[in-house]
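Letters A, B, ... are given to chains in the order of the sequence lines, protein chains preceding strands, and every chain is numbered from 1.
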There are 2 protein chains.
Amino acid sequence: MTSKQRADANTDLDVDDLTRAIENFNRYYIRLPAVQKLSFTTLSVLDTLAYGGPKRLTELARTEQISQPGLTQLVTRLERDGLVERHPDPADGRAVLVHVTGSGRRIGQARREDRGRHLLPLIAQLTPAEQQAIAAALPALTRLAELGTEAGTAGPEAGR
Amino acid sequence: MTSKQRADANTDLDVDDLTRAIENFNRYYIRLPAVQKLSFTTLSVLDTLAYGGPKRLTELARTEQISQPGLTQLVTRLERDGLVERHPDPADGRAVLVHVTGSGRRIGQARREDRGRHLLPLIAQLTPAEQQAIAAALPALTRLAELGTEAGTAGPEAGR
DNA sequence: CAGACTTATATAAGATACTTATGGATCACG
DNA sequence: CGTGATCCATAAGTATCTTATATAAGTCTG
């Protein structure tokens, strides 16, 4: 429970500490605003498309961890609401490329801004040193996420 | 879009940078393992109870942002599976205190460990400086989350 | 270049987990 | 004590997922 192995107490990042901190933070962060009542999956798809560009249905279903029919239906709903569009893939007649629209992009943005508004007063309560520490960690955190998504995309994956 | 206001480029933490980094990370992190197929809400409830101790149904419903009947049903399922228990509140005959059981606690733990296993090889690819930066930010991140949950619990909340 | 196989999406039927509306029991207060 | 508020449970309806299956396009082989 308490005895963790680290090569160097000063250099090494303890994974358990990281996951615990992230989950504690997320427990608060994820349910911040309910301005618009959209499901978790819905928001994630919009965000994935906004960040990574148009994607095939199959690819989205994999990354979002829902079934392909489930994603087809989700995209149908999103398309009906004008948040995404289906475009044929010029390189493959079977495939559909899902594009996020301006409205769809705005939803994710609005949500992020809303969360920012909630966090701002809390951040103000942190000491300058704490603020600095978080700011200094963000590039590394971003890179960590990139390493993860790259590996997940490239890897053949052992199995479900 | 690009011009952000900061009092001091070195000291201040830009909120937009933080939310963006967190969301990028979460997009990868949240869907890491599918070892056990439990819904997002289910895991969150178990985690909340494991971290914060027994809670009333109403209180849980508020923090988890689902309706009270929805939570009653969820707790019923969890109780059936031996992950939580209902205990009467000695101080209030109407209330029910939801306790997480050992099994319930273990589920959250297993998931966290599983995520740790996924992150470990990625962390190894970071530079020592990057690892250090993240490690140094964790206490501040934890405190930020605490400030948030405290405020959320105490505050009268303007409205939905 | 025809047939068999694979891949990409869609549809259908069913299961699950949520929602709103409502009821019964306990508490707080005058 | 009786009136209103609070806490939880039940009921009925809806939304969103699942598995199974169909259709169409690409690929590969002889």
To the nearest angstrom, how far is [X] atom [atom1] from [N] atom [atom2]?
{"X": "Arg62(B)", "N": "dT6(D)", "atom1": "CZ", "atom2": "P", "value": "11 Å"}
{"X": "Arg56(B)", "N": "dC27(C)", "atom1": "CZ", "atom2": "C1'", "value": "10 Å"}
{"X": "Leu57(B)", "N": "dA25(C)", "atom1": "CG", "atom2": "P", "value": "18 Å"}
{"X": "Gln68(A)", "N": "dT11(C)", "atom1": "CD", "atom2": "C1'", "value": "10 Å"}
{"X": "Leu71(B)", "N": "dC7(D)", "atom1": "CG", "atom2": "P", "value": "14 Å"}
{"X": "Glu64(B)", "N": "dT19(C)", "atom1": "CD", "atom2": "C1'", "value": "17 Å"}
{"X": "Phe40(A)", "N": "dC18(C)", "atom1": "CZ", "atom2": "P", "value": "14 Å"}
{"X": "Gln65(B)", "N": "dC18(C)", "atom1": "CD", "atom2": "P", "value": "13 Å"}

Pairwise side-chain contact, [X] with [Y], heavy-atom cut-off 4.5 Å (strictly under):
{"X": "Val45(A)", "Y": "Thr42(A)", "value": "no"}
{"X": "Leu144(B)", "Y": "Glu130(A)", "value": "no"}
{"X": "Tyr29(A)", "Y": "Glu23(B)", "value": "yes"}
{"X": "Val96(A)", "Y": "Arg56(A)", "value": "no"}
{"X": "Leu122(B)", "Y": "Leu126(B)", "value": "no"}

message: Is the phosphate of dT18(D) approached by Ser67(A) (side-chain N or O, under 4.0 Å from OP1 or OP2)?
response: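 For dT18(D), OP1/OP2 do have a side-chain N/O of Ser67(A) under 4.0 Å.
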
task: Determine: side-chain N/O of Thr41(A) to OP1/OP2 of dC17(D), distance under 4.0 Å, yes or no.
output: yes

Pull out every protein N or O sitting under 3.5 Å from an N or O of nucleotides 1-6 of chain C, one pair per line with the distance.
none

message: Please classify the nucleic acid contact of Gly70(A) as base, sugar-phosphate, or nothing, using heavy-atom distances under 4.0 Å.
response: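 Answer is base: heavy atoms of Gly70(A) come under 4.0 Å of a base.
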
query: For residues 72-92 of chain A, which residues have at least one heavy atom under 4.0 Å from DNA chain D?
result: Gln73(A), Arg77(A), Asp92(A)

message: If we check side-chain contact (heavy atoms from CB on, under 4.5 Å) with Ser103(A), which of these qualifies: Ile107(A), Thr101(A), Val100(A)?
response: Thr101(A)

task: Identify the residue among Asp14(B), Leu147(B), Val15(B) that makes a side-chain contact (heavy atoms from CB on, under 4.5 Å) with Ile123(A).
output: Val15(B)

task: Measure the acute angle between the ring planes of His99(B) and His87(B), then classify it against the limits of 30° and 60° as parallel, tilted or perpendicular.
output: perpendicular

